[in-house]
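Each remark here refers to the structure printed beneath this line.
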Amino acid sequence: MWTLLRTSTLRLPISVIIMVSASVNGSSTDKRQRKLELPAEANASLSVPVDTKAVFDCPSILLTSVVVTTWQIILRDKLSCTRAYRRDRNETKEGNCTDERITWASRPDENLALQIDPVATTHDGFYMCQMVTHFGNFHRGYHLQVLVPPEVTLFQGKNGIAVCRAAAGKPAAQISWNPEGDCVTEQEHWANGTVTVQSTCRWEDRPVSVSCSVSHVTGNKSLSLELSLGLIIRGFPASSLLVILYVKFALFLVILVIVAFIYFQRINGCRARK
Ligand SMILES: *[C@@H]1O[C@H](CO)[C@@H](O)[C@H](O)[C@H]1NC(C)=O
Ligand SMILES: *[C@@H]1O[C@H](CO)[C@@H](O)[C@H](O)[C@H]1NC(C)=O
Ligand SMILES: *[C@@H]1O[C@H](CO)[C@@H](O)[C@H](O)[C@H]1NC(C)=O
Ligand SMILES: *[C@@H]1O[C@H](CO)[C@@H](O)[C@H](O)[C@H]1NC(C)=O
Ligand SMILES: *[C@@H]1O[C@H](CO)[C@@H](O)[C@H](O)[C@H]1NC(C)=O
(Lines give C-alpha, C1' and ligand atoms only; values in the text may rest on other atoms or scores of the structure.)
(Ligands and ions follow the chains in the order given, each with its own letter.)
Protein backbone atom coordinates (compact mmCIF):
# COMPACT_ATOMS: atom_id res chain seq x y z
CA MET A 1 0.00 0.00 0.00
CA TRP A 2 1.31 3.46 -0.80
CA THR A 3 -0.51 5.54 1.76
CA LEU A 4 -1.91 4.78 5.15
CA LEU A 5 -5.54 5.73 5.42
CA ARG A 6 -6.52 7.89 8.36
CA THR A 7 -9.80 6.92 9.92
CA SER A 8 -12.54 9.01 8.53
CA THR A 9 -14.16 11.57 10.81
CA LEU A 10 -17.70 11.26 9.51
CA ARG A 11 -19.42 7.99 10.37
CA LEU A 12 -23.07 8.08 9.51
CA PRO A 13 -24.94 5.01 10.77
CA ILE A 14 -26.80 4.70 7.53
CA SER A 15 -27.50 1.38 5.97
CA VAL A 16 -29.36 1.29 2.72
CA ILE A 17 -30.93 -1.83 1.32
CA ILE A 18 -30.61 -2.14 -2.42
CA MET A 19 -31.92 -5.04 -4.43
CA VAL A 20 -30.01 -5.47 -7.62
CA SER A 21 -32.10 -6.97 -10.35
CA ALA A 22 -30.77 -10.01 -12.08
CA SER A 23 -29.45 -8.30 -15.17
CA VAL A 24 -26.23 -9.48 -16.68
CA ASN A 25 -26.07 -7.32 -19.80
CA GLY A 26 -26.70 -3.61 -19.63
CA SER A 27 -29.51 -1.78 -17.76
CA SER A 28 -27.03 -1.13 -14.99
CA THR A 29 -27.42 2.63 -15.29
CA ASP A 30 -30.59 2.61 -13.14
CA LYS A 31 -28.80 0.74 -10.36
CA ARG A 32 -25.76 2.96 -10.51
CA GLN A 33 -27.77 6.15 -10.37
CA ARG A 34 -29.61 4.90 -7.30
CA LYS A 35 -26.36 4.06 -5.57
CA LEU A 36 -24.85 7.45 -6.36
CA GLU A 37 -27.56 9.08 -4.26
CA LEU A 38 -26.15 7.42 -1.16
CA PRO A 39 -24.20 9.60 1.28
CA ALA A 40 -20.46 9.38 0.78
CA GLU A 41 -19.87 7.61 4.10
CA ALA A 42 -22.27 4.75 4.54
CA ASN A 43 -22.56 0.98 4.48
CA ALA A 44 -25.09 -0.55 2.17
CA SER A 45 -26.62 -4.02 2.30
CA LEU A 46 -26.73 -5.60 -1.10
CA SER A 47 -28.59 -8.78 -2.04
CA VAL A 48 -27.54 -10.20 -5.37
CA PRO A 49 -28.76 -13.38 -7.08
CA VAL A 50 -26.10 -16.01 -7.73
CA ASP A 51 -24.69 -16.19 -11.31
CA THR A 52 -25.40 -12.52 -12.07
CA LYS A 53 -23.06 -9.54 -12.20
CA ALA A 54 -22.65 -7.19 -9.23
CA VAL A 55 -21.07 -3.73 -9.47
CA PHE A 56 -19.96 -1.75 -6.41
CA ASP A 57 -19.40 1.98 -6.77
CA CYS A 58 -17.02 4.16 -4.82
CA PRO A 59 -18.25 7.44 -3.31
CA SER A 60 -18.88 9.86 -6.15
CA ILE A 61 -15.83 12.08 -5.87
CA LEU A 62 -14.30 14.03 -8.74
CA LEU A 63 -11.76 11.56 -10.18
CA THR A 64 -9.03 14.17 -10.65
CA SER A 65 -9.01 14.89 -6.90
CA VAL A 66 -8.54 11.22 -5.95
CA VAL A 67 -4.99 10.18 -5.05
CA VAL A 68 -5.35 6.50 -4.07
CA THR A 69 -8.37 4.24 -4.19
CA THR A 70 -8.32 0.92 -2.35
CA TRP A 71 -10.95 -1.78 -2.48
CA GLN A 72 -10.79 -3.94 0.60
CA ILE A 73 -12.58 -7.26 0.36
CA ILE A 74 -13.31 -9.44 3.39
CA LEU A 75 -15.12 -12.62 2.42
CA ARG A 76 -17.34 -14.70 4.71
CA ASP A 77 -14.60 -17.27 5.21
CA LYS A 78 -12.38 -14.41 6.51
CA LEU A 79 -10.12 -14.36 3.43
CA SER A 80 -9.18 -10.82 2.67
CA CYS A 81 -7.71 -9.11 -0.34
CA THR A 82 -7.18 -5.62 -1.71
CA ARG A 83 -7.16 -3.94 -5.08
CA ALA A 84 -5.70 -0.48 -5.25
CA TYR A 85 -5.21 2.23 -7.88
CA ARG A 86 -2.78 5.11 -7.61
CA ARG A 87 -3.80 7.88 -9.93
CA ASP A 88 -0.61 9.95 -10.27
CA ARG A 89 1.33 6.88 -11.40
CA ASN A 90 -1.65 5.29 -13.16
CA GLU A 91 -0.78 2.04 -11.39
CA THR A 92 -2.88 -0.78 -10.02
CA LYS A 93 -1.82 -3.16 -7.24
CA GLU A 94 -3.35 -6.40 -6.06
CA GLY A 95 -2.93 -7.88 -2.59
CA ASN A 96 -4.01 -11.50 -2.28
CA CYS A 97 -6.77 -11.09 -4.87
CA THR A 98 -6.69 -14.38 -6.74
CA ASP A 99 -10.39 -14.62 -7.57
CA GLU A 100 -10.58 -13.73 -11.26
CA ARG A 101 -14.29 -12.98 -10.95
CA ILE A 102 -13.54 -9.93 -8.76
CA THR A 103 -12.07 -7.20 -10.98
CA TRP A 104 -12.19 -3.50 -11.73
CA ALA A 105 -15.48 -2.85 -13.52
CA SER A 106 -13.57 -1.02 -16.28
CA ARG A 107 -10.35 1.01 -16.55
CA PRO A 108 -9.64 2.45 -13.07
CA ASP A 109 -8.36 5.69 -14.60
CA GLU A 110 -11.93 6.25 -15.79
CA ASN A 111 -14.08 4.31 -13.32
CA LEU A 112 -13.17 3.03 -9.86
CA ALA A 113 -16.09 0.61 -9.51
CA LEU A 114 -15.42 -3.02 -8.59
CA GLN A 115 -17.33 -5.85 -10.18
CA ILE A 116 -18.00 -9.52 -9.49
CA ASP A 117 -18.95 -11.50 -12.53
CA PRO A 118 -20.48 -13.99 -12.06
CA VAL A 119 -21.45 -13.84 -8.38
CA ALA A 120 -21.00 -17.13 -6.45
CA THR A 121 -22.04 -18.14 -2.92
CA THR A 122 -18.41 -17.72 -1.79
CA HIS A 123 -18.66 -13.98 -2.47
CA ASP A 124 -20.72 -13.24 0.67
CA GLY A 125 -18.79 -10.62 2.58
CA PHE A 126 -17.85 -6.98 3.03
CA TYR A 127 -16.52 -4.81 0.21
CA MET A 128 -15.20 -1.36 0.98
CA CYS A 129 -13.98 1.39 -1.29
CA GLN A 130 -11.54 3.68 0.52
CA MET A 131 -10.47 6.89 -1.18
CA VAL A 132 -7.67 9.26 -0.29
CA THR A 133 -8.43 12.57 -1.98
CA HIS A 134 -7.26 16.17 -1.85
CA PHE A 135 -10.41 16.89 0.21
CA GLY A 136 -9.91 14.14 2.79
CA ASN A 137 -10.72 10.47 3.04
CA PHE A 138 -13.95 8.84 2.00
CA HIS A 139 -15.22 5.31 2.10
CA ARG A 140 -18.25 3.25 1.29
CA GLY A 141 -18.88 -0.33 2.37
CA TYR A 142 -21.19 -2.98 0.99
CA HIS A 143 -22.40 -6.00 2.92
CA LEU A 144 -23.05 -8.52 0.17
CA GLN A 145 -25.50 -11.36 0.58
CA VAL A 146 -25.69 -13.77 -2.33
CA LEU A 147 -29.16 -15.16 -3.00
CA VAL A 148 -29.83 -18.62 -4.42
CA PRO A 149 -33.38 -19.51 -5.51
CA PRO A 150 -34.38 -22.92 -4.09
CA GLU A 151 -35.40 -25.78 -6.35
CA VAL A 152 -38.97 -26.60 -5.41
CA THR A 153 -40.53 -30.07 -5.69
CA LEU A 154 -43.78 -31.55 -4.38
CA PHE A 155 -44.47 -35.27 -4.39
CA GLN A 156 -46.54 -37.93 -2.74
CA GLY A 157 -44.99 -40.36 -0.32
CA LYS A 158 -46.33 -43.59 1.18
CA ASN A 159 -49.53 -43.73 3.25
CA GLY A 160 -51.02 -40.48 2.00
CA ILE A 161 -48.25 -38.12 3.00
CA ALA A 162 -47.08 -35.27 0.81
CA VAL A 163 -43.54 -33.91 0.74
CA CYS A 164 -42.63 -30.37 -0.32
CA ARG A 165 -38.95 -29.60 -0.70
CA ALA A 166 -37.16 -26.30 -1.33
CA ALA A 167 -33.63 -27.48 -2.07
CA ALA A 168 -30.42 -25.48 -1.67
CA GLY A 169 -31.92 -21.99 -1.29
CA LYS A 170 -30.12 -19.04 0.25
CA PRO A 171 -31.39 -17.82 2.61
CA ALA A 172 -33.66 -20.67 3.76
CA ALA A 173 -37.11 -20.69 2.14
CA GLN A 174 -40.44 -20.78 4.03
CA ILE A 175 -42.95 -23.53 3.25
CA SER A 176 -46.69 -23.31 3.93
CA TRP A 177 -49.56 -25.64 2.99
CA ASN A 178 -53.15 -25.33 1.89
CA PRO A 179 -55.06 -26.91 3.55
CA GLU A 180 -52.92 -26.91 6.65
CA GLY A 181 -51.94 -30.38 7.76
CA ASP A 182 -50.02 -32.17 10.42
CA CYS A 183 -46.52 -31.28 9.20
CA VAL A 184 -42.91 -31.80 10.12
CA THR A 185 -40.32 -29.38 8.72
CA GLU A 186 -36.63 -30.21 8.54
CA GLN A 187 -33.64 -28.12 7.48
CA GLU A 188 -30.34 -29.21 6.08
CA HIS A 189 -27.48 -26.70 5.95
CA TRP A 190 -24.87 -27.04 3.20
CA ALA A 191 -21.26 -25.91 3.26
CA ASN A 192 -21.89 -23.29 0.57
CA GLY A 193 -24.39 -21.47 2.81
CA THR A 194 -27.51 -22.83 1.12
CA VAL A 195 -30.28 -24.56 3.06
CA THR A 196 -32.62 -27.35 2.02
CA VAL A 197 -36.02 -27.10 3.71
CA GLN A 198 -38.36 -30.09 3.57
CA SER A 199 -41.90 -30.22 4.92
CA THR A 200 -43.70 -33.56 5.22
CA CYS A 201 -47.46 -33.49 5.88
CA ARG A 202 -50.38 -35.79 6.55
CA TRP A 203 -54.06 -34.87 6.88
CA GLU A 204 -56.80 -36.26 9.13
CA ASP A 205 -59.56 -36.07 6.50
CA ARG A 206 -57.65 -36.53 3.32
CA PRO A 207 -58.17 -33.63 0.93
CA VAL A 208 -58.52 -34.17 -2.83
CA SER A 209 -55.66 -31.85 -3.59
CA VAL A 210 -53.08 -29.98 -1.58
CA SER A 211 -50.82 -27.10 -2.47
CA CYS A 212 -47.46 -26.10 -1.10
CA SER A 213 -46.29 -22.48 -1.19
CA VAL A 214 -42.62 -21.66 -0.99
CA SER A 215 -41.77 -18.06 -0.21
CA HIS A 216 -38.29 -16.80 -0.89
CA VAL A 217 -36.65 -13.41 -1.54
CA THR A 218 -35.88 -14.47 -5.10
CA GLY A 219 -39.57 -15.14 -5.77
CA ASN A 220 -42.48 -17.19 -4.44
CA LYS A 221 -43.61 -20.47 -5.91
CA SER A 222 -46.70 -22.59 -5.43
CA LEU A 223 -47.20 -26.20 -6.51
CA SER A 224 -50.27 -28.41 -6.13
CA LEU A 225 -50.77 -32.14 -6.06
CA GLU A 226 -53.88 -34.30 -6.62
CA LEU A 227 -54.05 -36.85 -3.86
CA SER A 228 -57.41 -38.43 -4.81
CA LEU A 229 -56.86 -41.92 -6.22
CA GLY A 230 -53.68 -42.74 -4.37
CA LEU A 231 -55.29 -41.86 -1.05
CA ILE A 232 -58.85 -43.22 -1.44
CA ILE A 233 -57.87 -46.67 -2.69
CA ARG A 234 -55.43 -47.60 0.01
CA GLY A 235 -52.29 -49.26 -1.22
CA PHE A 236 -52.82 -48.47 -4.89
CA PRO A 237 -50.56 -45.84 -6.35
CA ALA A 238 -52.53 -43.46 -8.50
CA SER A 239 -50.57 -43.23 -11.65
CA SER A 240 -51.15 -43.40 -15.35
CA LEU A 241 -48.44 -46.06 -15.37
CA LEU A 242 -50.87 -48.45 -13.69
CA VAL A 243 -53.55 -47.71 -16.29
CA ILE A 244 -51.08 -48.47 -19.06
CA LEU A 245 -50.20 -51.72 -17.32
CA TYR A 246 -53.91 -52.67 -17.14
CA VAL A 247 -54.40 -51.91 -20.84
CA LYS A 248 -51.34 -53.96 -21.76
CA PHE A 249 -52.56 -56.88 -19.66
CA ALA A 250 -56.05 -56.73 -21.23
CA LEU A 251 -54.54 -56.70 -24.74
CA PHE A 252 -52.40 -59.69 -23.82
CA LEU A 253 -55.52 -61.59 -22.62
CA VAL A 254 -57.42 -60.80 -25.84
CA ILE A 255 -54.52 -62.04 -28.00
CA LEU A 256 -54.27 -65.18 -25.86
CA VAL A 257 -57.99 -65.92 -26.34
CA ILE A 258 -57.73 -65.41 -30.13
CA VAL A 259 -54.68 -67.69 -30.39
CA ALA A 260 -56.44 -70.35 -28.28
CA PHE A 261 -59.56 -70.06 -30.44
CA ILE A 262 -57.60 -70.51 -33.68
CA TYR A 263 -55.73 -73.45 -32.16
CA PHE A 264 -58.93 -75.21 -31.14
CA GLN A 265 -60.44 -74.58 -34.58
CA ARG A 266 -57.44 -76.31 -36.18
CA ILE A 267 -57.63 -79.29 -33.82
CA ASN A 268 -61.36 -79.61 -34.53
CA GLY A 269 -60.64 -79.36 -38.29
CA CYS A 270 -58.03 -82.15 -38.08
CA ARG A 271 -60.42 -84.38 -36.18
CA ALA A 272 -63.16 -83.76 -38.69
CA ARG A 273 -60.85 -84.75 -41.58
CA LYS A 274 -59.86 -87.95 -39.78
C1 LIG B 1 -19.45 -0.49 7.90
O2 LIG B 1 -19.21 -1.88 8.17
C3 LIG B 1 -17.92 -2.14 8.69
C4 LIG B 1 -17.74 -3.63 8.76
O5 LIG B 1 -18.83 -4.28 9.28
C6 LIG B 1 -17.74 -1.44 10.03
O7 LIG B 1 -16.45 -1.68 10.51
C8 LIG B 1 -17.98 0.07 9.85
O9 LIG B 1 -17.95 0.70 11.09
C10 LIG B 1 -19.31 0.33 9.19
N11 LIG B 1 -19.43 1.74 8.88
C12 LIG B 1 -20.55 2.45 9.07
C13 LIG B 1 -20.49 3.88 8.68
O14 LIG B 1 -21.58 1.96 9.52
C1 LIG C 1 -3.46 -11.85 2.56
O2 LIG C 1 -3.96 -13.04 3.16
C3 LIG C 1 -3.43 -13.30 4.48
C4 LIG C 1 -3.96 -14.63 4.96
O5 LIG C 1 -4.97 -15.11 4.17
C6 LIG C 1 -3.80 -12.16 5.41
O7 LIG C 1 -3.27 -12.39 6.69
C8 LIG C 1 -3.31 -10.85 4.85
O9 LIG C 1 -3.76 -9.78 5.68
C10 LIG C 1 -3.81 -10.64 3.45
N11 LIG C 1 -3.24 -9.43 2.88
C12 LIG C 1 -3.96 -8.45 2.37
C13 LIG C 1 -3.20 -7.31 1.79
O14 LIG C 1 -5.19 -8.46 2.37
C1 LIG D 1 -3.31 4.29 -17.64
O2 LIG D 1 -2.71 3.08 -18.10
C3 LIG D 1 -3.46 2.38 -19.06
C4 LIG D 1 -2.72 1.09 -19.40
O5 LIG D 1 -2.17 0.52 -18.29
C6 LIG D 1 -3.66 3.23 -20.28
O7 LIG D 1 -4.47 2.54 -21.23
C8 LIG D 1 -4.36 4.53 -19.89
O9 LIG D 1 -4.47 5.37 -21.01
C10 LIG D 1 -3.58 5.21 -18.79
N11 LIG D 1 -4.38 6.35 -18.35
C12 LIG D 1 -3.85 7.56 -18.14
C13 LIG D 1 -4.81 8.60 -17.65
O14 LIG D 1 -2.69 7.78 -18.33
C1 LIG E 1 -24.69 -25.77 -2.62
O2 LIG E 1 -24.42 -27.08 -2.13
C3 LIG E 1 -25.46 -28.02 -2.36
C4 LIG E 1 -25.08 -29.32 -1.69
O5 LIG E 1 -23.79 -29.71 -2.00
C6 LIG E 1 -25.67 -28.18 -3.86
O7 LIG E 1 -26.73 -29.08 -4.11
C8 LIG E 1 -26.01 -26.82 -4.47
O9 LIG E 1 -26.13 -26.93 -5.87
C10 LIG E 1 -24.95 -25.80 -4.12
N11 LIG E 1 -25.42 -24.49 -4.61
C12 LIG E 1 -24.62 -23.57 -5.14
C13 LIG E 1 -25.24 -22.33 -5.63
O14 LIG E 1 -23.41 -23.73 -5.22
C1 LIG F 1 -43.93 -13.93 -1.15
O2 LIG F 1 -44.67 -14.41 -0.04
C3 LIG F 1 -44.52 -13.64 1.15
C4 LIG F 1 -45.25 -14.34 2.28
O5 LIG F 1 -45.90 -15.48 1.88
C6 LIG F 1 -45.02 -12.24 0.90
O7 LIG F 1 -44.84 -11.44 2.07
C8 LIG F 1 -44.26 -11.62 -0.25
O9 LIG F 1 -44.81 -10.35 -0.56
C10 LIG F 1 -44.33 -12.50 -1.48
N11 LIG F 1 -43.44 -11.96 -2.49
C12 LIG F 1 -43.78 -11.84 -3.77
C13 LIG F 1 -42.73 -11.29 -4.67
O14 LIG F 1 -44.87 -12.18 -4.20
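For ligands, and for the atoms within them, numbers begin at 1 and follow the listed sequence.
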(message) Between ligand 1 and N43, is the shortest N or O to N or O distance under 3.5 Å?
(response)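 So ligand 1 has an N or O lying under 3.5 Å from an N or O of N43.
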(message) Is C212 disulfide-linked to C164, taking SG-SG under 2.5 Å as the test?
(response)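 A disulfide is present here, as the SG pair of C164 and C212 is separated by less than 2.5 Å.
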(request) Under 4.0 Å from a heavy atom of N90: give me the atoms of ligand 3 that qualify, with their elements. (result)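 Per the distance check, 1 (C), 2 (O), 3 (C), 8 (C), 10 (C), 11 (N), 12 (C), 14 (O).
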(request) Using a strict 4.0 Å cut-off to heavy atoms of R107, name the atoms of ligand 3 that fall inside it. (result)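 Matching atoms, with element in brackets: 8 (C), 9 (O).
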(message) By the definition side chain to side chain donor-acceptor pair (under 3.5 Å), identify the one residue from T92, D109, N90 that meets it with Y85.
(response)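 Testing each of T92, D109, N90 against Y85, the sole residue satisfying side chain to side chain donor-acceptor pair (under 3.5 Å) is N90.
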(message) Within the supplied structure, the quantity of interest is the number of heavy atoms (other residues, nucleotides, ligands) at a distance under 6.0 Å from E180 CD; does it exceed 12?
(response)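 Atom CD in E180 is not crowded, with 12 or fewer foreign heavy atoms closer than 6.0 Å.
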(message) Looking at F155, I'd like to know if its CZ atom is crowded, meaning that more than 12 non-hydrogen atoms belonging to other residues, nucleotides or ligands lie closer than 6.0 Å.
(response)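 Above 12, so yes.
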(request) Work out which heavy atom in P118 is nearest to a heavy atom in R101; give both atom names and the distance. (result)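 Looking at all heavy atoms of both residues, the shortest contact is O-CD, 3.7 Å.
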(request) For S199 and W177, test the side chains for any donor-to-acceptor distance below 3.5 angstrom and give the result as yes or no. (result)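 Yes, a side-chain donor-acceptor pair sits under 3.5 Å.
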(message) Can you classify the ring geometry of Y142 versus F56 as parallel (below 30°), tilted (30 to 60°) or perpendicular (above 60°)?
(response)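 Ring orientation, 0 to 90° scale: tilted.
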(message) Quick check against the 3.5 Å criterion: does T196 have a side-chain atom that pairs as donor or acceptor with the backbone of A168?
(response)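 Checked: pair present.
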(request) Return the protein residues near ligand 5 (heavy atom under 4.0 Å from any of its atoms), ordered by chain and residue number. (result)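 These residues qualify: S215, N220.
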(message) So, 4.0 Å and heavy atoms of H143: is ligand 1 close enough to count as a contact?
(response)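 Heavy atoms of H143 do come under 4.0 Å of ligand 1.
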